[in-house]
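We name chains A, B, ... by the order of the sequence lines, and we start the count at 1 in each one. Because the structure is a prediction, the values reported are computed rather than measured. Excluded from the calculations below are hydrogen atoms, water molecules and symmetry mates; all remaining heavy atoms, backbone and side chain alike, are included.
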Amino acid sequence: MPRTTPSQTVGPFLHIGLADDPYAADEGAPGGLWIRGTVYDGAGAPMPDAIVETWQADPDGRFDHPADPRGARTSPGFRGFARCATDADGAYSVFTRKPGAVPGPAGPQAPHIDVSLFARGMLRRVVTRLYFPEDAAARAADPVLSAITDDRERDTLLARAADDGYRFDIRVQGPGETVFFDV
Amino acid sequence: MTENTDAPAAAPLTVPGFRRDHAAHPPLDYPPYRSTALRHPTRPLKLLPHMLTEVTGPVFGHDRIGDLDHDLTRQRSGEPQGQRIIVHGRVLDAGGRPVPHSLVEVWQANAGGRYRHVIDNWPCPLDPNFDGAGRTLTDADGRYRFVTVRPGAYPWRNHDNAWRPAHIHFSLFGTSFTQRLVTQMYFPDDPLFGQDPMWNAIPDEAARQRLVARYDHGATEPQWALAFAWDIVLRGPETTPFEQEADDD
Ligand SMILES: [Fe+3]
(Lines give C-alpha, C1' and ligand atoms only; values in the text may rest on other atoms or scores of the structure.)
Protein backbone atom coordinates (compact mmCIF):
# COMPACT_ATOMS: atom_id res chain seq x y z
CA MET A 1 0.00 0.00 0.00
CA PRO A 2 1.27 3.53 -0.74
CA ARG A 3 2.37 5.66 2.18
CA THR A 4 1.00 9.09 2.99
CA THR A 5 2.70 12.12 1.44
CA PRO A 6 4.16 14.33 4.20
CA SER A 7 2.78 17.78 4.90
CA GLN A 8 4.79 20.96 4.29
CA THR A 9 4.12 24.55 5.28
CA VAL A 10 2.04 26.88 3.07
CA GLY A 11 4.94 29.33 3.42
CA PRO A 12 4.68 33.12 3.22
CA PHE A 13 3.28 33.24 -0.32
CA LEU A 14 0.13 31.20 0.32
CA HIS A 15 -2.11 33.92 -1.11
CA ILE A 16 -0.93 33.18 -4.64
CA GLY A 17 -2.33 29.66 -4.67
CA LEU A 18 -5.03 29.60 -2.00
CA ALA A 19 -7.50 32.20 -3.18
CA ASP A 20 -10.00 33.53 -0.68
CA ASP A 21 -13.42 31.93 -0.88
CA PRO A 22 -15.09 33.45 2.16
CA TYR A 23 -18.73 32.64 1.31
CA ALA A 24 -19.87 29.25 2.60
CA ALA A 25 -23.38 30.55 1.93
CA ASP A 26 -24.58 32.96 -0.73
CA GLU A 27 -24.63 36.59 0.29
CA GLY A 28 -28.16 37.37 1.48
CA ALA A 29 -28.89 33.72 2.41
CA PRO A 30 -31.58 33.44 5.11
CA GLY A 31 -29.94 33.38 8.52
CA GLY A 32 -26.63 34.37 6.97
CA LEU A 33 -24.01 35.44 9.50
CA TRP A 34 -20.39 36.46 9.66
CA ILE A 35 -17.79 34.67 11.72
CA ARG A 36 -14.90 37.01 12.32
CA GLY A 37 -11.76 36.57 14.36
CA THR A 38 -8.07 37.21 14.77
CA VAL A 39 -5.29 34.65 14.76
CA TYR A 40 -2.56 35.23 17.37
CA ASP A 41 0.88 33.69 17.82
CA GLY A 42 2.61 32.76 21.09
CA ALA A 43 3.74 36.35 21.71
CA GLY A 44 0.16 37.59 21.33
CA ALA A 45 0.98 39.14 17.96
CA PRO A 46 -1.58 38.87 15.16
CA MET A 47 -0.55 36.48 12.38
CA PRO A 48 -0.87 38.25 9.00
CA ASP A 49 0.17 35.21 6.97
CA ALA A 50 -2.29 32.51 7.99
CA ILE A 51 -5.34 31.08 6.30
CA VAL A 52 -8.50 29.81 7.96
CA GLU A 53 -10.74 27.18 6.36
CA THR A 54 -14.16 26.19 7.67
CA TRP A 55 -16.27 23.10 6.97
CA GLN A 56 -19.72 22.44 8.39
CA ALA A 57 -23.16 20.91 8.02
CA ASP A 58 -26.10 22.85 6.62
CA PRO A 59 -28.78 24.31 8.92
CA ASP A 60 -30.46 20.88 9.10
CA GLY A 61 -27.23 19.10 10.05
CA ARG A 62 -26.84 17.52 6.59
CA PHE A 63 -23.89 17.33 4.22
CA ASP A 64 -23.89 17.50 0.44
CA HIS A 65 -21.48 14.58 0.34
CA PRO A 66 -21.65 10.87 -0.54
CA ALA A 67 -20.19 9.86 2.85
CA ASP A 68 -23.29 11.11 4.63
CA PRO A 69 -25.18 7.82 5.16
CA ARG A 70 -28.48 9.70 5.20
CA GLY A 71 -27.77 10.62 1.57
CA ALA A 72 -26.03 13.64 0.08
CA ARG A 73 -28.40 16.56 0.10
CA THR A 74 -27.85 19.83 -1.66
CA SER A 75 -28.82 22.97 0.17
CA PRO A 76 -29.30 25.71 -2.45
CA GLY A 77 -26.91 28.62 -2.07
CA PHE A 78 -24.94 26.77 0.58
CA ARG A 79 -21.55 25.12 0.16
CA GLY A 80 -20.44 24.54 3.76
CA PHE A 81 -16.84 25.44 2.94
CA ALA A 82 -15.14 28.80 3.21
CA ARG A 83 -11.62 30.05 3.46
CA CYS A 84 -10.08 33.38 4.23
CA ALA A 85 -6.48 34.45 4.55
CA THR A 86 -5.76 36.73 7.50
CA ASP A 87 -5.14 40.40 6.73
CA ALA A 88 -2.33 42.66 7.98
CA ASP A 89 -4.04 42.70 11.40
CA GLY A 90 -4.37 38.92 11.59
CA ALA A 91 -8.12 39.10 10.99
CA TYR A 92 -10.28 36.74 8.94
CA SER A 93 -14.00 36.58 8.20
CA VAL A 94 -16.28 33.99 6.64
CA PHE A 95 -19.96 34.23 5.77
CA THR A 96 -22.14 31.22 6.47
CA ARG A 97 -25.34 29.90 8.04
CA LYS A 98 -25.53 28.24 11.40
CA PRO A 99 -25.13 24.46 11.15
CA GLY A 100 -27.74 22.16 12.65
CA ALA A 101 -27.02 19.40 15.13
CA VAL A 102 -25.05 16.57 13.54
CA PRO A 103 -25.51 12.93 14.58
CA GLY A 104 -22.62 11.27 16.39
CA PRO A 105 -22.03 7.66 17.43
CA ALA A 106 -23.83 8.07 20.77
CA GLY A 107 -26.36 10.80 20.02
CA PRO A 108 -26.31 14.28 18.54
CA GLN A 109 -23.29 16.54 18.44
CA ALA A 110 -23.89 20.20 19.20
CA PRO A 111 -23.84 22.50 16.16
CA HIS A 112 -20.19 23.03 15.28
CA ILE A 113 -17.81 24.11 12.53
CA ASP A 114 -14.53 22.33 11.85
CA VAL A 115 -11.73 24.87 11.40
CA SER A 116 -8.33 24.31 9.75
CA LEU A 117 -5.53 26.79 10.21
CA PHE A 118 -2.49 26.93 7.93
CA ALA A 119 0.34 29.48 8.19
CA ARG A 120 3.92 30.29 7.47
CA GLY A 121 5.82 28.70 10.34
CA MET A 122 3.41 25.77 10.59
CA LEU A 123 4.70 22.59 9.01
CA ARG A 124 1.20 21.14 8.99
CA ARG A 125 -2.28 22.44 9.58
CA VAL A 126 -3.88 22.55 12.99
CA VAL A 127 -7.56 21.80 13.48
CA THR A 128 -10.02 23.18 15.97
CA ARG A 129 -13.80 23.32 16.34
CA LEU A 130 -16.10 26.27 16.78
CA TYR A 131 -19.23 25.92 18.94
CA PHE A 132 -22.03 28.41 19.53
CA PRO A 133 -22.68 30.25 22.80
CA GLU A 134 -26.48 29.82 22.81
CA ASP A 135 -26.39 26.01 22.62
CA ALA A 136 -25.56 25.35 26.29
CA ALA A 137 -27.64 22.18 26.62
CA ALA A 138 -26.44 20.68 23.35
CA ARG A 139 -22.84 21.53 24.19
CA ALA A 140 -23.11 19.82 27.56
CA ALA A 141 -24.06 16.60 25.73
CA ASP A 142 -21.53 16.98 22.92
CA PRO A 143 -19.05 14.05 22.79
CA VAL A 144 -16.06 16.19 21.78
CA LEU A 145 -16.64 18.98 24.28
CA SER A 146 -17.45 16.65 27.15
CA ALA A 147 -14.10 14.93 26.67
CA ILE A 148 -12.41 18.25 27.54
CA THR A 149 -12.52 18.49 31.33
CA ASP A 150 -10.83 21.88 31.81
CA ASP A 151 -13.41 24.70 31.59
CA ARG A 152 -10.93 27.26 30.30
CA GLU A 153 -9.74 24.91 27.56
CA ARG A 154 -13.30 24.12 26.55
CA ASP A 155 -14.15 27.82 26.42
CA THR A 156 -11.51 28.37 23.73
CA LEU A 157 -13.86 26.52 21.35
CA LEU A 158 -16.76 28.84 22.05
CA ALA A 159 -17.58 31.63 19.61
CA ARG A 160 -18.95 34.87 21.09
CA ALA A 161 -22.08 36.60 19.80
CA ALA A 162 -21.36 39.71 17.71
CA ASP A 163 -23.52 42.28 15.91
CA ASP A 164 -23.54 40.48 12.58
CA GLY A 165 -22.79 36.94 13.72
CA TYR A 166 -20.04 35.59 15.91
CA ARG A 167 -16.47 36.26 16.91
CA PHE A 168 -13.94 33.40 17.11
CA ASP A 169 -10.31 34.22 17.84
CA ILE A 170 -7.62 31.58 17.53
CA ARG A 171 -4.59 31.61 19.84
CA VAL A 172 -1.99 29.25 18.46
CA GLN A 173 0.18 29.27 21.58
CA GLY A 174 0.42 30.71 25.07
CA PRO A 175 -2.17 32.10 27.49
CA GLY A 176 -5.66 31.14 26.32
CA GLU A 177 -4.17 28.72 23.80
CA THR A 178 -6.95 27.33 21.63
CA VAL A 179 -7.63 23.62 21.95
CA PHE A 180 -6.41 21.87 18.81
CA PHE A 181 -7.35 18.37 17.76
CA ASP A 182 -5.53 15.36 16.50
CA VAL A 183 -7.84 14.70 13.60
CA MET B 1 -29.40 33.63 17.41
CA THR B 2 -31.66 30.96 18.84
CA GLU B 3 -31.08 27.34 19.67
CA ASN B 4 -31.73 25.09 16.71
CA THR B 5 -34.89 23.30 17.73
CA ASP B 6 -36.35 22.57 14.32
CA ALA B 7 -33.54 20.27 13.19
CA PRO B 8 -34.59 16.63 12.87
CA ALA B 9 -33.63 14.51 15.86
CA ALA B 10 -30.15 13.21 15.19
CA ALA B 11 -30.11 9.44 15.51
CA PRO B 12 -26.79 7.88 16.55
CA LEU B 13 -24.54 7.37 13.57
CA THR B 14 -21.15 5.77 13.22
CA VAL B 15 -19.18 6.32 10.03
CA PRO B 16 -15.92 4.72 8.83
CA GLY B 17 -12.93 6.89 9.77
CA PHE B 18 -9.52 7.50 8.26
CA ARG B 19 -6.25 5.99 9.38
CA ARG B 20 -4.03 8.34 11.38
CA ASP B 21 -0.62 8.91 9.82
CA HIS B 22 1.37 11.01 12.28
CA ALA B 23 4.75 9.46 11.55
CA ALA B 24 4.70 10.72 7.97
CA HIS B 25 4.46 14.38 8.93
CA PRO B 26 6.87 16.96 10.33
CA PRO B 27 6.29 18.13 13.91
CA LEU B 28 4.75 21.54 14.55
CA ASP B 29 7.63 22.43 16.87
CA TYR B 30 10.86 22.30 14.86
CA PRO B 31 13.45 24.83 16.12
CA PRO B 32 15.67 24.80 12.98
CA TYR B 33 12.68 26.34 11.14
CA ARG B 34 12.66 29.43 13.32
CA SER B 35 9.13 30.58 12.60
CA THR B 36 7.71 27.50 14.31
CA ALA B 37 8.82 28.88 17.71
CA LEU B 38 5.76 31.04 18.36
CA ARG B 39 3.45 29.14 16.04
CA HIS B 40 3.16 25.67 17.53
CA PRO B 41 0.58 24.68 20.12
CA THR B 42 2.25 23.76 23.40
CA ARG B 43 -0.55 21.60 24.76
CA PRO B 44 -1.03 18.07 23.47
CA LEU B 45 -3.58 17.76 20.70
CA LYS B 46 -6.87 16.20 21.78
CA LEU B 47 -8.11 13.17 19.92
CA LEU B 48 -11.02 14.00 17.60
CA PRO B 49 -12.90 10.84 16.68
CA HIS B 50 -13.90 10.84 13.02
CA MET B 51 -17.58 11.63 12.78
CA LEU B 52 -19.74 13.03 10.00
CA THR B 53 -18.11 16.44 9.78
CA GLU B 54 -14.66 14.88 9.52
CA VAL B 55 -15.44 12.21 6.91
CA THR B 56 -17.18 14.66 4.59
CA GLY B 57 -15.65 17.65 2.83
CA PRO B 58 -16.22 20.23 0.13
CA VAL B 59 -16.98 18.96 -3.36
CA PHE B 60 -15.66 21.25 -6.08
CA GLY B 61 -17.08 21.23 -9.57
CA HIS B 62 -15.71 22.09 -13.00
CA ASP B 63 -17.63 25.35 -12.89
CA ARG B 64 -14.94 26.74 -10.61
CA ILE B 65 -12.01 25.80 -12.86
CA GLY B 66 -11.04 27.89 -15.90
CA ASP B 67 -9.87 26.24 -19.14
CA LEU B 68 -6.28 27.44 -18.72
CA ASP B 69 -6.04 27.13 -14.97
CA HIS B 70 -3.87 24.01 -15.32
CA ASP B 71 -1.43 25.67 -17.74
CA LEU B 72 0.71 28.27 -16.00
CA THR B 73 2.50 29.05 -19.29
CA ARG B 74 -0.65 30.33 -21.04
CA GLN B 75 -2.22 32.63 -18.49
CA ARG B 76 -0.68 35.84 -19.86
CA SER B 77 -0.20 37.30 -23.32
CA GLY B 78 3.23 35.75 -23.83
CA GLU B 79 5.16 32.70 -22.68
CA PRO B 80 7.09 32.84 -19.42
CA GLN B 81 10.88 32.51 -19.27
CA GLY B 82 12.40 29.22 -18.19
CA GLN B 83 12.34 25.50 -18.79
CA ARG B 84 8.82 24.41 -19.73
CA ILE B 85 7.77 21.32 -17.79
CA ILE B 86 4.81 18.99 -17.41
CA VAL B 87 4.00 17.91 -13.85
CA HIS B 88 1.56 15.06 -13.65
CA GLY B 89 0.58 12.13 -11.49
CA ARG B 90 -2.19 10.57 -9.49
CA VAL B 91 -3.85 11.41 -6.24
CA LEU B 92 -4.36 8.19 -4.27
CA ASP B 93 -5.35 7.29 -0.77
CA ALA B 94 -3.25 5.15 1.51
CA GLY B 95 -5.59 2.26 0.75
CA GLY B 96 -4.36 2.44 -2.86
CA ARG B 97 -7.57 3.83 -4.28
CA PRO B 98 -7.53 6.78 -6.69
CA VAL B 99 -9.08 10.01 -5.41
CA PRO B 100 -11.24 11.20 -8.32
CA HIS B 101 -12.74 14.63 -9.03
CA SER B 102 -10.83 16.39 -6.27
CA LEU B 103 -9.35 19.86 -6.31
CA VAL B 104 -5.57 20.28 -6.71
CA GLU B 105 -4.12 23.78 -6.38
CA VAL B 106 -0.49 24.75 -7.04
CA TRP B 107 1.62 27.85 -6.62
CA GLN B 108 5.29 28.49 -7.25
CA ALA B 109 8.12 30.92 -7.92
CA ASN B 110 9.13 31.82 -11.47
CA ALA B 111 12.18 30.37 -13.23
CA GLY B 112 14.45 32.76 -11.34
CA GLY B 113 12.97 31.90 -7.95
CA ARG B 114 10.75 34.97 -7.48
CA TYR B 115 7.10 34.88 -6.43
CA ARG B 116 4.57 37.35 -7.72
CA HIS B 117 3.76 38.48 -4.19
CA VAL B 118 4.07 41.87 -2.49
CA ILE B 119 6.38 40.60 0.22
CA ASP B 120 8.81 38.83 -2.14
CA ASN B 121 11.37 41.48 -3.05
CA TRP B 122 14.74 39.79 -3.36
CA PRO B 123 16.72 41.04 -6.38
CA CYS B 124 15.51 38.62 -9.01
CA PRO B 125 13.21 39.88 -11.76
CA LEU B 126 9.51 39.20 -11.94
CA ASP B 127 8.35 37.65 -15.19
CA PRO B 128 5.49 39.63 -16.76
CA ASN B 129 4.23 36.39 -18.30
CA PHE B 130 4.14 34.29 -15.15
CA ASP B 131 1.68 34.48 -12.26
CA GLY B 132 2.63 31.14 -10.73
CA ALA B 133 -0.76 29.75 -9.70
CA GLY B 134 -2.80 26.87 -11.10
CA ARG B 135 -5.70 24.62 -10.23
CA THR B 136 -7.31 21.53 -11.64
CA LEU B 137 -9.57 18.63 -10.74
CA THR B 138 -8.38 15.04 -10.75
CA ASP B 139 -10.10 12.87 -13.34
CA ALA B 140 -12.06 9.67 -12.66
CA ASP B 141 -8.75 7.79 -12.13
CA GLY B 142 -7.32 10.42 -9.79
CA ARG B 143 -4.99 11.86 -12.46
CA TYR B 144 -3.90 15.48 -12.59
CA ARG B 145 -1.65 17.37 -15.03
CA PHE B 146 -0.11 20.83 -15.00
CA VAL B 147 2.06 22.65 -17.54
CA THR B 148 4.40 25.19 -16.02
CA VAL B 149 8.05 26.25 -15.88
CA ARG B 150 10.63 24.78 -13.58
CA PRO B 151 10.81 27.08 -10.55
CA GLY B 152 14.13 28.48 -9.34
CA ALA B 153 15.60 28.13 -5.86
CA TYR B 154 15.22 31.24 -3.71
CA PRO B 155 16.90 32.70 -0.65
CA TRP B 156 15.25 33.28 2.72
CA ARG B 157 16.42 34.50 6.08
CA ASN B 158 15.95 31.46 8.30
CA HIS B 159 19.66 30.71 8.72
CA ASP B 160 22.99 31.80 7.26
CA ASN B 161 22.94 31.58 3.46
CA ALA B 162 19.57 29.84 3.49
CA TRP B 163 18.06 28.76 0.13
CA ARG B 164 14.89 26.84 -0.48
CA PRO B 165 15.28 23.89 -2.84
CA ALA B 166 13.18 24.40 -6.00
CA HIS B 167 9.62 23.36 -5.22
CA ILE B 168 5.98 23.65 -6.21
CA HIS B 169 3.41 24.15 -3.46
CA PHE B 170 0.47 21.73 -3.70
CA SER B 171 -2.90 21.95 -1.94
CA LEU B 172 -5.20 18.90 -1.92
CA PHE B 173 -8.69 18.44 -0.61
CA GLY B 174 -9.26 14.74 -1.25
CA THR B 175 -12.83 13.82 -0.46
CA SER B 176 -12.94 14.47 3.29
CA PHE B 177 -11.93 17.02 5.87
CA THR B 178 -9.46 14.51 7.34
CA GLN B 179 -7.65 14.14 4.00
CA ARG B 180 -6.86 17.84 3.54
CA LEU B 181 -3.16 18.24 2.78
CA VAL B 182 -0.86 21.10 1.83
CA THR B 183 2.62 20.06 0.80
CA GLN B 184 5.50 20.80 -1.59
CA MET B 185 6.85 18.87 -4.55
CA TYR B 186 10.63 18.85 -5.05
CA PHE B 187 12.88 17.94 -8.00
CA PRO B 188 15.32 15.02 -8.12
CA ASP B 189 18.88 15.39 -6.84
CA ASP B 190 18.57 18.92 -5.50
CA PRO B 191 21.84 19.90 -3.76
CA LEU B 192 19.90 22.19 -1.39
CA PHE B 193 17.98 19.51 0.50
CA GLY B 194 20.60 19.05 3.21
CA GLN B 195 20.41 22.62 4.54
CA ASP B 196 16.62 22.98 4.22
CA PRO B 197 14.75 22.77 7.54
CA MET B 198 11.41 22.06 5.87
CA TRP B 199 12.90 19.00 4.23
CA ASN B 200 14.79 17.95 7.36
CA ALA B 201 11.73 18.41 9.58
CA ILE B 202 10.23 15.27 8.08
CA PRO B 203 11.49 12.66 10.51
CA ASP B 204 11.80 9.72 8.13
CA GLU B 205 14.13 9.76 5.11
CA ALA B 206 11.81 7.49 3.14
CA ALA B 207 8.95 9.90 3.78
CA ARG B 208 11.08 12.84 2.56
CA GLN B 209 11.74 11.01 -0.69
CA ARG B 210 7.99 10.82 -1.24
CA LEU B 211 8.07 14.59 -1.89
CA VAL B 212 10.48 14.21 -4.82
CA ALA B 213 9.07 13.97 -8.34
CA ARG B 214 10.60 11.52 -10.82
CA TYR B 215 11.85 12.57 -14.23
CA ASP B 216 9.42 10.90 -16.65
CA HIS B 217 10.96 10.35 -20.06
CA GLY B 218 7.85 8.59 -21.33
CA ALA B 219 5.70 11.64 -20.70
CA THR B 220 8.35 14.10 -21.90
CA GLU B 221 7.19 15.65 -25.16
CA PRO B 222 9.75 15.93 -28.01
CA GLN B 223 10.72 19.49 -28.92
CA TRP B 224 8.41 20.83 -26.23
CA ALA B 225 8.67 19.96 -22.50
CA LEU B 226 10.33 17.76 -19.90
CA ALA B 227 7.93 15.78 -17.73
CA PHE B 228 8.01 15.02 -14.03
CA ALA B 229 5.72 12.45 -12.40
CA TRP B 230 4.58 12.78 -8.82
CA ASP B 231 1.90 10.76 -7.07
CA ILE B 232 0.33 12.20 -3.95
CA VAL B 233 -1.02 9.89 -1.26
CA LEU B 234 -3.72 11.11 1.10
CA ARG B 235 -4.92 9.31 4.18
CA GLY B 236 -6.73 6.05 3.61
CA PRO B 237 -9.67 4.33 5.25
CA GLU B 238 -9.21 2.97 8.74
CA THR B 239 -10.29 -0.49 7.74
CA THR B 240 -8.76 -2.02 4.65
CA PRO B 241 -8.31 -5.62 3.54
CA PHE B 242 -4.63 -5.11 4.33
CA GLU B 243 -5.20 -4.28 7.98
CA GLN B 244 -2.79 -6.96 9.17
CA GLU B 245 0.07 -5.47 7.15
CA ALA B 246 2.71 -3.80 9.32
CA ASP B 247 2.24 -0.06 9.19
CA ASP B 248 4.68 2.40 10.66
CA ASP B 249 2.79 5.45 9.51
FE1 LIG C 1 7.82 28.41 -1.66
Side-chain angles (χ1 to χ4, degrees), chain A residues 1-13 15-18 41-43 55-57 60-61 63-65 67-69 79-81 98 100-109 111 114 116 118-126 134-135 144 148 161 172-173 177 179-183, chain B residues 1 3-4 7 10-14 21 24-26 28 30 35-36 38-43 45-48 51-59 92 94-96 105-107 115-117 119-120 132-133 169 171 177-178 180-184 198 201-202 207 210-211 232-233 235 242 249:
Chain A
M1 286 295 108
R3 301 257 189 233
T4 313
T5 303
S7 171
Q8 293 274 267
T9 180
V10 292
F13 309 120
H15 313 90
I16 296 174
L18 304 175
D41 73 10
W55 171 244
Q56 62 170 94
D60 294 326
F63 294 92
D64 181 13
H65 191 281
D68 188 331
R79 289 164 295 283
F81 173 79
K98 187 178 172 184
V102 173
Q109 304 177 64
D114 275 11
S116 297
F118 303 83
R120 177 182 68 82
M122 303 182 89
L123 287 160
R124 47 189 167 88
R125 72 166 169 173
V126 291
E134 63 275 15
D135 298 335
V144 176
I148 302 170
V172 169
Q173 188 190 86
E177 183 174 309
V179 167
F180 295 104
F181 292 101
D182 167 6
V183 68
Chain B
M1 304 291 145
E3 177 123 19
N4 244 314
L13 198 56
T14 305
D21 58 354
H25 299 295
L28 285 160
Y30 188 69
S35 303
T36 66
L38 292 171
R39 294 183 167 202
H40 69 272
T42 53
R43 283 203 276 261
L45 305 184
K46 305 215 183 275
L47 191 77
L48 182 62
M51 297 181 281
L52 262 179
T53 316
E54 290 72 42
V55 303
T56 55
V59 176
L92 306 166
E105 298 165 294
V106 294
W107 70 102
Y115 284 91
R116 183 176 293 286
H117 192 286
I119 64 164
D120 189 1
H169 295 267
S171 155
F177 181 81
T178 58
R180 182 87 177 91
L181 178 73
V182 173
T183 186
Q184 300 177 24
M198 292 173 195
I202 299 164
R210 297 203 287 273
L211 295 182
I232 302 153
V233 182
R235 295 168 66 179
F242 307 96
D249 279 358

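The closest side-chain heavy-atom distance from A:Ser7 to B:Val182 is not below 4.5 Å. By the 4.5 Å heavy-atom criterion applied to side chains, A:Arg3 and B:Asp21 are not counted as neighbours. Residues A:Val10 and B:Trp107 form a side-chain contact, since some pair of their non-hydrogen atoms from C-beta on lies under 4.5 Å apart. Side-chain contact between A:Leu123 and B:Thr36: present, with at least one pair of heavy atoms (C-beta onward) separated by less than 4.5 Å. Using a 4.5 Å heavy-atom cutoff, the side chains of A:Phe81 and B:Val59 are not in contact.
From A:Ile16, atom CD1 reaches atom CZ of B:Arg116 across 9.0 Å, with rounding to the nearest 0.5 Å. Taking NE2 of B:His25 as the reference point, atom OG1 of A:Thr5 lies at 8.5 Å (rounded to 0.5 Å). Here B:Thr178 contributes atom OG1 and A:Asp114 contributes atom CG; the two are 10.0 Å apart, rounded to the nearest 0.5 Å. We find the CG-CD distance between B:Leu28 and A:Gln173 to be 10.5 Å, quoted to the nearest 0.5 Å.
What you find for B:Ser35 and A:Arg120 is that their closest heavy atoms are OG-NH1, 2.8 Å. Of all heavy-atom pairs between A:Arg125 and B:Phe177, the closest is NH2-O, 2.7 Å.
The closest donor-acceptor contact from the side chain of B:Arg210 to the backbone of A:Thr4 lies under 3.5 Å. In this structure, the side chain of B:Glu54 does not engage the main chain of A:Val183 through any donor-acceptor pair within 3.5 Å. A:Gln8 contributes a side-chain N or O that, together with a main-chain N or O of B:Met198, makes up a donor-acceptor pair within less than 3.5 Å.
With sequence neighbours excluded, the residues forming a side chain to side chain contact (heavy atoms under 4.5 Å, CB included) with A:Val179 are A:Ile148, A:Glu153, A:Thr156, A:Leu157, A:Phe181, B:Lys46, listed by chain and number. When the side chain to side chain contact (heavy atoms under 4.5 Å, CB included) test is applied to A:Asp41, the partners found at least two apart in sequence or on another chain are A:Ala43, A:Ala45, A:Met47, B:Leu38, B:Arg39.
Heavy-atom pairs under 4.5 Å with chain A peak, among B:Leu181, B:Val106, B:Thr14, at B:Leu181. Put simply, of B:His117, B:Glu105, B:Arg235, B:His40, the one with the most heavy-atom pairs under 4.5 Å next to chain A is B:His117. Per-residue counts of heavy-atom pairs under 4.5 Å with chain B were compared for A:Pro105, A:Ala161, A:Gly42; the largest is that of A:Pro105. Interface remark: of the candidates B:Thr42, B:Thr53, B:Asp120, B:Ile119, B:Thr53 forms the most heavy-atom pairs closer than 4.5 Å to chain A. If you tally non-hydrogen atom pairs under 4.5 Å between each of B:Pro41, B:Gly96, B:Gly132 and chain A, the highest count goes to B:Pro41.
In this structure, the portion of A:Val144 lying under 4.5 Å from any heavy atom of chain B is its side chain and not its backbone. Interface remark: A:Arg79 contributes side-chain atoms only to the contact with chain B (heavy atom separation under 4.5 Å). Contacts between B:Ile202 and chain A at a heavy-atom distance below 4.5 Å involve the side chain alone, from C-beta outward. For A:Phe180, the parts lying under 4.5 angstrom from a heavy atom of chain B are both the backbone and the side chain. Of the atoms belonging to A:Phe13, heavy atoms from both backbone and side chain fall under 4.5 Å from chain B.
For the pair A:Arg124 and B:Tyr30, the cation-pi test (distance below 6.0 Å, angle within 45°) is failed.
Applying the side chain to side chain contact (heavy atoms under 4.5 Å, CB included) test between A:His65 and each of B:Thr56, B:Leu52, B:Val55 identifies B:Thr56 as the sole match.
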query: For B:Gln184 and A:Thr9, what are the C-alpha separation, side-chain angles and deciding distance, and is it a side-chain contact (heavy atoms from CB on, under 4.5 Å)?
result: CA-CA 8 Å; B:Gln184 300 177 24; A:Thr9 180; 3.8 Å; yes
